[in-house]
Amino acid sequence: MTRQKKGQYGYRDQARRMRLLITLFFIAAILAQLGARQFLAKEQAAKNILTVMAILTVLPMANMASPLLASWRYRTPGLEFYHKVRGYEETSVILYDLVLTTREQILPMDAIAVHPGGVTAFCPKTNLDKNKAEKALNSLFVAGRLDPVVKILTDEKQFLRRLESLKPAGEYADDGSVEGAAALLKSLSM
């Protein structure tokens with residue numbers, strides 16, 4: 001199995017497994033340090049060192065566990081969805097399996113089409129405040145000196161119709177904005 005990078009299909013599930021394994025490793029290390037502390041009967045200095053080590057091990061574990069918990073319920077979409085969207089990779093840059101975070105929301109994006117005409121994202125989250133999410137993402141695009149044209153769709157059929165309507169990216173002048181927008185979206189993802 002090859003390692004998926006951000007934006008590739010299967011990244012979300014792979015990142016979830018990796019974060020879970022690393023978190024479990026840290027939990028085992030903390031428990032081992034606290035357990036070893038119990039075997040030291042009279043050496044208070046060694047007990048204190050093991051206690052401090054266990055406390056310091058909690059920090060990287062928390063850094064690994066917090067995105068794991070925040071994105072726990074968001075899985076990679078099925079292969080059927082991937083095969084539907086994959087056909088549009090010729091007309092625009094397609095990013096898969098990103099979980100974008102704003103100050104107020106977690107946005108599980110199953111697919112994002114980055115095109116010179118704008119960014120169209122598919123988010124299966126039903127209770128999403130689309131206006132607030134689009135406004136937050138557009139403000140991040142403005143901060144990154146990119147055109148703020150992010151549109152979030154929650155209906156798969158509507159998203160596929162939008163992809164169908166896009167002209168090939170080669171028909172537009174290449175100013176680097178597509179690569180910049182894709183890089184920005186990847187950086188916003190967990």
Side-chain angles (χ1 to χ4, degrees), residues 1-18 67 70-190:
M1 184 168 132
T2 61
R3 187 170 194 273
Q4 305 297 332
K5 296 178 183 171
K6 278 186 185 180
Q8 292 180 331
Y9 180 79
Y11 172 77
R12 218 183 282 167
D13 281 350
Q14 180 179 322
R16 179 183 183 187
R17 282 190 302 272
M18 186 58 67
S71 64
W72 182 259
R73 62 183 171 185
Y74 307 123
R75 305 293 305 263
T76 295
L79 276 173
E80 181 181 317
F81 175 77
Y82 172 66
H83 290 300
K84 288 179 188 176
V85 175
R86 187 173 142 196
Y88 299 103
E89 290 178 353
E90 296 172 2
T91 58
S92 57
V93 174
I94 305 288
L95 302 173
Y96 300 95
D97 281 359
L98 297 180
V99 179
L100 305 179
T101 55
T102 65
R103 287 185 179 162
E104 299 176 11
Q105 294 180 343
I106 297 174
L107 309 168
M109 302 296 186
D110 284 357
I112 301 173
V114 183
H115 188 269
V119 175
T120 305
F122 172 63
C123 180
K125 193 173 181 181
T126 55
N127 60 346
L128 175 69
D129 185 351
K130 289 188 341 181
N131 292 332
K132 188 184 285 186
E134 287 173 355
K135 185 177 178 183
L137 290 175
N138 283 324
S139 68
L140 291 169
F141 269 63
V142 168
R145 296 187 179 142
L146 296 167
D147 291 334
V149 283
V150 176
K151 180 71 176 159
I152 299 174
L153 302 173
T154 57
D155 179 42
E156 181 180 332
K157 290 179 184 176
Q158 189 178 10
F159 176 70
L160 293 172
R161 280 195 304 268
R162 172 70 177 137
L163 292 181
E164 185 70 37
S165 71
L166 295 175
K167 294 179 184 176
E171 295 181 14
Y172 296 85
D174 183 18
D175 62 354
S177 63
V178 171
E179 291 80 18
L184 176 65
L185 289 167
K186 287 178 189 179
S187 72
L188 292 174
S189 179
M190 286 194 238

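Keep in mind that this is a model prediction, so the values were computed, not measured. Sequential numbering from 1 along the given sequence is applied to the chain's residues.
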Side-chain heavy atoms of [X] within contact of [Y], under 4.5 Å:
{"X": "Asp97", "Y": "Pro77", "result": "yes"}
{"X": "Glu156", "Y": "Lys84", "result": "yes"}
{"X": "Glu134", "Y": "Leu137", "result": "no"}
{"X": "Met109", "Y": "Ile152", "result": "yes"}
{"X": "Phe159", "Y": "Thr120", "result": "yes"}
{"X": "Arg86", "Y": "Glu89", "result": "yes"}
{"X": "Leu185", "Y": "Val119", "result": "yes"}
{"X": "Asn138", "Y": "Leu140", "result": "no"}

How long is the straight-line distance from [atom2] of [Y] back to [atom1] of [X], given to the nearest 0.5 Å?
{"X": "Ser189", "Y": "Leu184", "atom1": "OG", "atom2": "CG", "result": "11.5 Å"}
{"X": "Leu98", "Y": "Tyr74", "atom1": "CG", "atom2": "OH", "result": "14.0 Å"}
{"X": "Glu164", "Y": "Tyr88", "atom1": "CD", "atom2": "OH", "result": "4.0 Å"}
{"X": "Leu107", "Y": "Lys130", "atom1": "CG", "atom2": "NZ", "result": "12.5 Å"}

Trace of the salt bridge (charged side-chain N to carboxylate O under 4.0 Å, His left out) decision for Arg12 with Asp110: CA-CA 9 Å; Arg12 218 183 282 167; Asp110 284 357; 3.1 Å; yes
Show the nearest heavy-atom pair for residues [X] and [Y], with the distance to one decimal.
{"X": "Ala182", "Y": "Val93", "result": "CB-CG1, 4.4 Å"}
{"X": "Gln8", "Y": "Arg3", "result": "OE1-O, 4.1 Å"}
{"X": "Leu128", "Y": "Ala133", "result": "CD1-CB, 4.2 Å"}
{"X": "Thr102", "Y": "Ala136", "result": "CG2-CB, 3.8 Å"}
{"X": "Phe141", "Y": "Ala181", "result": "CE2-CB, 3.6 Å"}

Intermediate values then yes/no, side-chain contact (heavy atoms from CB on, under 4.5 Å), Leu188 and Thr101: CA-CA 6 Å; Leu188 292 174; Thr101 55; 5.6 Å; no
Mutual orientation of the aromatic rings belonging to Tyr82 and Tyr96 [parallel < 30°, tilted 30-60°, perpendicular > 60°]: perpendicular
Residues Ile94, Ile112; criterion side-chain contact (heavy atoms from CB on, under 4.5 Å); working and verdict: CA-CA 6 Å; Ile94 305 288; Ile112 301 173; over 6 Å; no
Donor-acceptor contact present, side-chain Asp13 to main-chain Thr76, <3.5 Å: yes
Side-chain donor/acceptor of Thr154 to backbone N/O of Cys123, under 3.5 Å: no
Sequence neighbours excluded, every pair satisfying salt bridge (charged side-chain N to carboxylate O under 4.0 Å, His left out) that has a member inside residues 112-128: none
